[in-house]
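Residue numbers begin at 1 in each chain, while the letters A, B, ... track the order of the sequences.
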Amino acid sequence: MAEKKLVEAITSMEEDFAQWYTDVVKKAELIDYTSVKGCMVIRPAGYAIWELIQKQLDDMFKETGVQNAYLPMFIPESLLQKEKDHVEGFAPEVAWVTHGGQQELQERLCVRPTSETLFCDYYKNVVQSYRDLPQVLNQWCSVVRWEKETRPFLRSREFLWQEGHTAHATAEDAEARTLQMLNVYAEFLEKVLAIPVIKGQKTEKERFAGAVATYTVEALMHDGKALQSGTSHNFGDGFAKAFGIQFADRDNKLKYVHQTSWGVSTRMIGGLIMVHSDNSGLVLPPKVAPVQVMIIPIQQRKEGVLEKAAELEEMLKDFRVKVDDSDKSPGWKFSEQEMRGIPLRIEVGPKDIEAGKCVICRRDTREKTEVPFAELVGKVKELLERMQTEMLERARAHRDSHTYVAKDYEEFKRIFGEKTGFVKAMWCGCQDCEDKIKEELSVTSRCMPFEQEQLSDVCVCCGKPAKKMVYWGRAY
RNA sequence: CGGCGCGUGGCUCAGCUUGGUAGAGCGCUGCGUUCGGGACGCAGAGGUCGCAGGUUCAAAUCCUGUCGCGCCGACCA
C-alpha cells in the first residue's frame, strides 16, 4: 500500500525537498527564525535532541580521556593571523567586534569561527615538558561564521558544536588521536543517530585551513546529496611552529608539539532529519528522541481512561514517556506525535481497557501492534531497540542503492546527469581534475575512503594513472 | 556578492493595478457538545499594514530611499 499522507501542512519531499526540510523543522518545532538572518532559536524540542547528542557523545569522549574546558569567544586579530593558511581560510567569514560601549577598541576582536588559535595560545603557556603531554581538551560552545546563504541546522551563522584540540609529543600520537576521534564520530553517527557513514580522508583541495590531513565522515541524505557530518584534523607541527608551542623531551631537546582538532555540530540534526524523516514529519531514532513514547488516551473523559494512561506512564518510567492529555481530538494527537518524530505511540481507550491491552504504533513503519498491559514494558523495549537498528539498516540500504561506480568520464557525467548519490571513481590525485569536475558537474570529492577498491587503473577524469578511489557527490 | 521572491493580528495570506472606516482562514480565550487518523456550535480578544521621507484634503495602496527575511547560485561545517 502506498504511504498514506496524513499531514497536509508538510510539502512532500518528492515535490520540493528544500521546502519539505523547512516544513519538517518548523512543524516539529525544532527551530524558529529570528530577526537576524542565519541566527535561529533552537526551541525546546530541538535543544532536547542536542542535549541527548551532547550527553552520549561527551561520554564517549571521556572514555578516551578527553577533558572539557572553556575558552573565550573573542580572539584578538593578531592571534588569529599567526597561522597563514588558517587565517586565509576563515577571514572571509569572521564577524568582528570593533567597539566596547562607545569606545573603539585598539585591537579589534574576532568572534571565534573556531578556536585553534586560542588553544594554541593556551598550550604555549602550559606545555613545557613531555610530562605535560598529551593535552586532550574539548569544549562545547557556539561559533560564528558569517555565511551568506543560511539554512536551519545545516548552515547558520551561529551554531553549536564541540571542538576538541589536542597536543602530542610525536607525530604518531597526533595521527593516532586524529583517527581515534574520527572513529568515535563514525560509531556515534551509526549507533546513536542511525546514520551510516563513509570514513575517509579529504583531498588537499577540501582539507581544513592549516591542516596536514583532514579526515571526514560523509553521509548520504534522502535526496542523494552528501553531508559532511564530522571532521578530524591532523595539524602536524604547523600551528606549533606558528605559535611557538615547544616542550623539552626526554632527551632534553626542545621540540614542537603535534596537534589535532576535531568537531561535530548541530548540523548533525539536519542530517538526522534528511536521512530518516518522511512526508508526515520528523522521524527520530529512539536514542536521540527526547520523548520516546507518547501515550494517547482515547475518550479520555470516560471514567478510568486517564487513570489507565497514568498507570502505563508509571510502568514505562524507565523510558522517556509522556501522556498527551490535552483536549485535542485523538487524530490531532496522532499527527502531532508523527510530526514531532516520537518513536512510539500508545493508544489506550475504553475498548482496550476492557480487553486488558493497548495499541502500539511505530513512527517509522506505522506498524500497529496490540499488546496486553502485562507485556507492555518488554514490548516497548523491544520495539525501540528494533526501530533503532532497522533505521540504520534502512539508511544503509538507501545509501548503498544510491552509490554508483563510474570508470570513465562519459559514465561519470551520465550518472550525475541522471541520478543523485555517491559515485565511486578513480582519481589521479591532481587538483585540475577536481576543479574540472566541480566546474562541469557541481560535484566535489567527498573523501578518499579508507576502504579502497581498485575500480580501474586510470583517473575517471583525465585518464592518467590513478592513485586513489574517491567518493564523489553533490554536497550540502 | 549575483538572481528570484516576500514584508498587513501569533501563523498563512487577501486587499495595492484604479488612494476614501483594515479583511479572511487557521490559531488563541470562555462555555457546551465531541473523541480509535488533524470534530463542531455559540460568544470573544487581538493589527501604529517592516522603517524613514515625499505627493495628497486623504496613503496598506502612489513615489523615493532604507532595513530585514526566505529560496537558488558562487564560497563554506
Side-chain angles (χ1 to χ4, degrees), chain A residues 4-11 16-19 21-23 25-27 29 32-40 88-94 113-114 142-163 185 202 205-209 214 216-219 226-233 261-271 280-281 296-302 305-306 324-339 345-353 355 358-359 361 366 368 370 438-439 442 444 474-476:
Chain A
K4 196 174 159 199
K5 194 178 157 194
L6 299 162
V7 181
E8 297 301 328
I10 296 176
T11 307
D16 182 345
F17 194 81
Q19 188 59 49
Y21 176 81
T22 309
D23 286 350
V25 164
K26 292 284 284 181
K27 285 285 168 185
E29 297 185 355
D32 216 349
Y33 293 111
T34 69
S35 46
V36 180
K37 179 184 170 74
C39 296
M40 316 295 174
E88 276 174 16
F90 282 99
E93 49 184 359
V94 293
T114 179
S142 76
V143 288
V144 170
R145 297 181 189 178
W146 215 252
E147 301 288 350
K148 283 157 187 148
E149 191 217 331
T150 61
R151 300 196 65 193
F153 295 120
L154 297 172
R155 178 160 289 110
S156 48
R157 284 184 174 168
E158 181 187 9
F159 57 92
L160 303 180
W161 77 344
Q162 59 70 216
E163 48 178 329
Y185 290 154
K202 285 287 187 189
K205 178 178 163 70
E206 302 287 328
R207 193 192 280 161
F208 182 84
T214 288
T216 178
V217 278
E218 298 283 327
L227 187 76
Q228 177 177 309
S229 305
T231 45
S232 187
H233 316 287
S261 86
W262 23 275
V264 294
S265 71
T266 37
R267 184 175 228 212
M268 286 193 299
I269 299 177
S280 298
I296 298 180
I298 312 291
Q299 295 191 45
Q300 63 188 35
R301 277 194 238 165
K302 294 234 168 105
V305 175
L306 282 177
D324 186 350
D325 58 359
S326 68
D327 58 6
K328 299 286 189 191
S329 69
W332 177 282
K333 295 177 186 179
F334 295 168
S335 296
E336 280 293 304
Q337 172 255 335
E338 284 173 4
M339 287 194 294
R345 168 175 91 220
I346 296 178
E347 302 172 22
V348 62
K351 279 188 275 177
D352 302 296
I353 294 171
C358 56
V359 175
C361 180
R366 288 217 179 72
K368 286 191 178 188
E370 292 194 345
K438 178 153 192 195
E439 175 76 17
S442 310
T444 53
R474 297 204 171 91
Y476 272 96

Cationic N near anionic O, under 4.0 Å, Arg345(A) to Glu347(A):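 Salt bridge present between Arg345(A) and Glu347(A).
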Could you tell me how far [M] sits from [N] if I compare only their [atom1] atoms? Round to whole Å.
N      : M      : atom1 : answer
G27(B) : G9(B)  : C1'   : 11 Å
C71(B) : U33(B) : P     : 46 Å
A52(B) : C67(B) : P     : 15 Å
U17(B) : U61(B) : C1'   : 10 Å
C42(B) : G47(B) : C1'   : 25 Å
A45(B) : A24(B) : P     : 13 Å
U29(B) : U56(B) : C1'   : 42 Å
U21(B) : A60(B) : P     : 10 Å

Lys302(A), NZ: over 12 other non-hydrogen atoms inside 6.0 angstrom: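 Count not over threshold, so no.
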Classify [X] by what it touches in the nucleic acid, base, sugar-phosphate, or nothing, heavy-atom distance under 4.0 Å.
X         : answer
Phe90(A)  : nothing
Ile296(A) : nothing
Glu149(A) : base
Arg345(A) : base
Thr266(A) : nothing
Gln228(A) : sugar-phosphate
Thr114(A) : nothing
Val264(A) : nothing
Asp327(A) : nothing

Among the nucleotides [options], which one has an atom lying closest to any side-chain atom of [X]?
X         : options                : answer
Thr150(A) : G70(B), C76(B), G37(B) : G70(B)
Lys368(A) : C75(B), C35(B), G37(B) : G37(B)
Arg155(A) : C1(B), C76(B), G70(B)  : C76(B)
Lys438(A) : C76(B), G36(B), G37(B) : C76(B)
Thr22(A)  : C71(B), G36(B), C76(B) : C71(B)
Phe334(A) : G37(B), A74(B), C76(B) : G37(B)
Glu147(A) : C1(B), C71(B), C76(B)  : C76(B)
Cys361(A) : G73(B), G36(B), G37(B) : G37(B)
Arg366(A) : G37(B), G73(B), G36(B) : G37(B)

Verdict with supporting geometry, Trp262(A) and Glu163(A), side chain to side chain contact (heavy atoms under 4.5 Å, CB included): CA-CA 6 Å; Trp262(A) 23 275; Glu163(A) 48 178 329; over 6 Å; no
RNA chain B: stems of at least 3 consecutive Watson-Crick or G-U pairs whose donor-acceptor distances fall under 3.5 Å: B:1-7 with B:67-73, B:10-13 with B:23-26, B:28-33 with B:39-44, B:50-54 with B:62-66
For the base of [N], is there a side-chain donor-acceptor partner from [X] under 3.5 Å away?
X         : N      : result
Lys351(A) : G36(B) : yes
Arg151(A) : G70(B) : no
Gln299(A) : G36(B) : no

Verdict with reasoning, Lys27(A) to Glu338(A), per salt bridge (Lys or Arg N to Asp or Glu O under 4.0 Å): CA-CA 10 Å; Lys27(A) 285 285 168 185; Glu338(A) 284 173 4; over 6 Å; no
Test log, rule side chain to side chain donor-acceptor pair (under 3.5 Å), inputs Ser142(A) and Glu158(A): CA-CA 6 Å; Ser142(A) 76; Glu158(A) 181 187 9; 2.7 Å; yes
Toward the 5' end of RNA chain B, by each residue's nearest nucleotide, Lys302(A) or Gln19(A): Lys302(A)
Main-chain N/O of Pro152(A) paired with Tyr21(A) side-chain donor or acceptor, under 3.5 Å: yes
Lys205(A) side-chain N/O to Thr444(A) backbone N/O, donor-acceptor pair under 3.5 Å: no
Minimal non-hydrogen separation, Cys358(A) against Ile346(A), with atom names: SG-CG2, 3.7 Å
Contact check, side chains of Val264(A) and Ser229(A), non-hydrogen atoms, under 4.5 Å: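 Heavy-atom side-chain distance check fails, nothing below 4.5 Å.
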Point-to-point distance, once rounded to the nearest 0.5 Å, from [atom1] of [X] to [atom2] of [Y]:
X         : Y         : atom1 : atom2 : value
Thr216(A) : Phe208(A) : OG1   : CZ    : 13.0 Å
Met339(A) : Asp23(A)  : CE    : CG    : 10.5 Å
Glu149(A) : Arg157(A) : CD    : CZ    : 11.0 Å

Nearest-angstrom distance from the residue atom NE2 of His233(A) to C1' of C76(B):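 From His233(A) NE2 to C76(B) C1': 13 Å.
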Atom-pair distance (CZ on Arg474(A); P on C75(B)), nearest Å: 14 Å
Just the table, please: protein N/O against nucleotides 28-30 of chain B N/O, every pair under 3.5 Å.
unit_1: C28(B); atom_1: OP1; unit_2: Lys328(A); atom_2: NZ; d: 3.3

Short side-chain N/O contact to C35(B) OP1/OP2 from Ser329(A), under 4.0 Å: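 For Ser329(A), the contact criterion (side-chain N or O under 4.0 Å from OP1 or OP2 of C35(B)) is not met.
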